[in-house]
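Read the structure below first, then the notes.
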Amino acid sequence: MTTGGRLLAHALAAHGVEVVWGIPGTHNLELYAGLRAAGIRHVSPRHEQGAAFAADGYSRVTGRVGVCVTTSGPAVLNAATALAQAHSDSIPVLLVAPGMPLRHPGLGNGELHESRDLGAAMGAIVAASHRVTSVEEIPLAVAQAFARMTSGRPRPMHLEIPLDLLVAEGAAAPVAAPALAPVAPDAAALDAAAARLGAAARPCVLVGGGASAAAAKLRDVAERLGAPVVCSINGKGTMPDDHPLGMGAGYARPVTAELVADSDCVLVVGSELAPSDAWNGPLPLDGKVVRVDVDPIGIVTNARPAVAVVGDAALALAGLAGRLGGERSDGERAARWRAAFRAGADADGARWAWLLEALGDGLGDDGVLAADSAMVCYYGAVSALPAQRPRSFLYPTGYGTLGYAVPAAIGAKLGRPEARVVALAGDGGVLFSIAELAAAAQEGLALPVVVVDNGGYGEIRDEMAGRGDAPLGVDFPGLDFAALGRALNCHGVRADAAAPFRDALAAAFAADRPTVIHVRE
Ligand SMILES: Cc1ncc(C[n+]2csc(CCOP(=O)(O)OP(=O)(O)O)c2C)c(N)n1
Ligand SMILES: [Mg+2]
């Protein structure tokens with residue numbers, strides 16, 4: 001016999017969970033006791049949204065499920081925004097939290113942290129919100145959650161354990177995670193896809209986050225086709241930028257639309273083709289798409305495929321490579337598009353060129369950038385910062401929520417401690433989750449946090465001006481982010497030009513704690 005809380009912690013450990021981000025409360029203490037007993041590392045964020053963003057960052061760099069643990073009610077809703085972000089970007093994040101007691105009157109009696117229908121609220125924003133109804137069910141529910149999150153299109157989940165079940169006694173055998181084979185594509189669909197691609201005179205490839213585990217096979221297929229490759233934001237680095245066929249990342253670039261228009265066949269792999277990626281309008285894909293996606297719903301969304309291959313990206317690409325001839329090269333075409341792509345990216349990023357160049361040099365080929373929804377990131381880093389590997393650029397693409405960069409960077413640094421990780425944010429967005437600097441300092445993370453300060457909500461200020469409106473609620477000048485960093489036990493420096501910035505970045509990578517680098521535009 002044991003308790004629900006301990007069973008839960010052991011079930012998480014049995015699924016390979018080594019670290020959780022969480023905040024304890026009256027309702028989850030038995031789970032906390034279980035975490036210690038199960039040998040699971042616990043990291044303390046300073047807000048539940050930070051916990052779930054950190055779990056997201058950990059998942060993005062490792063490819064594993066990221067887990068956060070909160071108490072009930074408000075704590076779950078604090079995490080909700082980050083879970084919605086994970087949902088929109090197809091990141092497997094698990095939120096484990098207590099809920100109202102098993103026999104709680106559904107219409108409410110004023111219990112501490114009571115929410116009217118938390119399961120319905122969470123179920124509306126993640127793949128599934130499940131409430132267990134017995135201690136005995138706990139190992140099964142954890143196994144089912146992991147199966148849901150790691151098969152097909154990855155998505156986040158919420159698991160609610162009635163608070164009385166966490167302390168109730170019970171016994172249940174562990175439920176092992178079944179070995180999940182990746183979804184094998186249909187051979188006839190692969191034949192049709194290869195025939196279509198093989199007959200193309202001017203093919204190109206669009207690749208999204210769904211191909212993160214298939215980078216080598218993607219390169220192989222692109223080389224056999226001699227096809228230029230453009231990555232989505234979440235796919236950035238899946239085709240290395242230093243490859244002659246690697247254009248870079250950015251569906252919103254006008255040159256991407258021109259390349260697609262010039263192509264007679266477009267291979268789309270693991271990409272939603274979402275409006276939040278192609279924010280300048282849909283790409284001209286009609287009638288010429290060969291689409292590979294593990295999600296049979298996603299595969300018909302935003303562009304109707306001429307040929308659809310439902311299945312795992314690596315298996316599908318291997319199947320295509322086996323059906324296509326050897327290397328085909330139209331080096332001149334690729335070089336032309338590549339130069340055009342680079343020129344546009346550099347022009348849009350010119351305002352931050354010295355900063356992005358220094359960041360690229362500092363991060364090298366193996367570093368990770370966690371970026372916020374700030375202009376320096378989406379007009380700058382997305383296309384102008386080089387990336388040579390997938391899972392190296394973390395960005396809140398779909399949901400576009402501010403405050404992502406710092407907690408996601410913390411999760412990334414714990415997932416890949418050997419890698420150089422940098423957080424890049426605007427002066428507005430960084431304040432949404434600034435408390436997480438204290439968490440990073442407590443963990444002693446060598447984490448540069450670069451704050452690009454344009455005195456407020458620059459994007460929104462520009463949009464107001466574009467409408468001819470006077471600015472309202474967008475100007476916040478005069479903050480000292482370096483001092484703020486120091487107050488939260490980090491180092492803090494000002495660096496407004498290339499040379500001092502490079503020095504500050506080099507020192508920050510070698511430091512015993514995070515360093516806030518305040519850059520005034
Ligand atoms: C949670 C959330 N609230 C509001 C917004 C709307 N919004 C988008 S960009 C932006 C300004 C962000 O300012 P900053 O981080 O300084 O970046 P800048 O635009 O100045 O580059 C705002 C308020 C948002 N994206 N997410
Ligand atoms: Mg700003």
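Any value given below was found using the heavy atoms of this structure, including those in side chains, with hydrogens, waters and symmetry copies removed. Fair warning: this is a prediction, and the values are worked out from it, not measured in the lab. Indexing begins at 1, ligand by ligand and atom by atom, following the structure's order.
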Out of Val451, Thr401, Leu402, Asn454, who is nearest to atom 7 (N) of ligand 1 when you count heavy atoms only?
Leu402
What is the nearest protein non-hydrogen atom to atom 13 (O) of ligand 1, stated with its residue, atom name and distance?
Tyr457 CD2, 3.3 Å
State whether the shortest distance between N or O atoms of Asp427 and N or O atoms of ligand 1 falls below 3.5 angstrom.
yes
Regarding Ser212 and Arg391, is there a side-chain donor-to-acceptor distance under 3.5 Å anywhere?
no
Which of the numbered atoms in ligand 1 are under 4.0 angstrom from any heavy atom belonging to Gly429?
14 (P), 15 (O)
Could you check atom 3 (N) of ligand 1 against the protein and tell me its nearest heavy-atom contact, residue, atom and distance included?
Phe432 CE2, 3.9 Å
Identify the closest protein heavy atom to atom 19 (O) of ligand 1: which residue and atom is it, and at what distance?
Glu459 N, 2.9 Å
Please list, in number order, the atoms of ligand 1 under 4.0 Å from a heavy atom of Ala374.
17 (O), 21 (O)
Of the listed options Cys377, Gly403, Ser373, Gly426, closest to atom 9 (S) of ligand 1 (non-hydrogen atoms):
Ser373
Among protein heavy atoms, which sits nearest to atom 21 (O) of ligand 1, and what does the distance come to when rounded to 0.1 Å?
Met375 N, 2.9 Å
Sub-4.0 Å heavy-atom contact, Gly456 with ligand 1
yes
What residue and atom, counting heavy atoms only, is the protein's closest point to atom 14 (P) of ligand 1, and at what distance?
Gly428 N, 3.5 Å
shortest atom 10 (C) of ligand 1-to-protein heavy-atom contact is with Ile460 CG1, 3.6 Å
Among side-chain atoms of Tyr32 and His42, is any donor-acceptor pair under 3.5 angstrom?
yes
Heavy-atom contacts with Gly400 under 4.0 Å: which atoms of ligand 1 show up? List them by number with element.
24 (C), 25 (N), 26 (N)
With sequence neighbours left out, write down each residue that passes side-chain hydrogen bond (donor to acceptor under 3.5 Å, both in side chains) with Asp475, or none if nothing qualifies.
Arg461
Among all protein non-hydrogen atoms, which one is nearest to atom 18 (P) of ligand 1, and what is the separation to 0.1 Å?
Gly458 N, 3.6 Å
Under-4.0 Å salt bridge between Glu18 and Arg64
yes
For the pair Glu521 and Arg351, find out whether any cationic side-chain nitrogen is under 4.0 Å from an anionic carboxylate oxygen.
yes
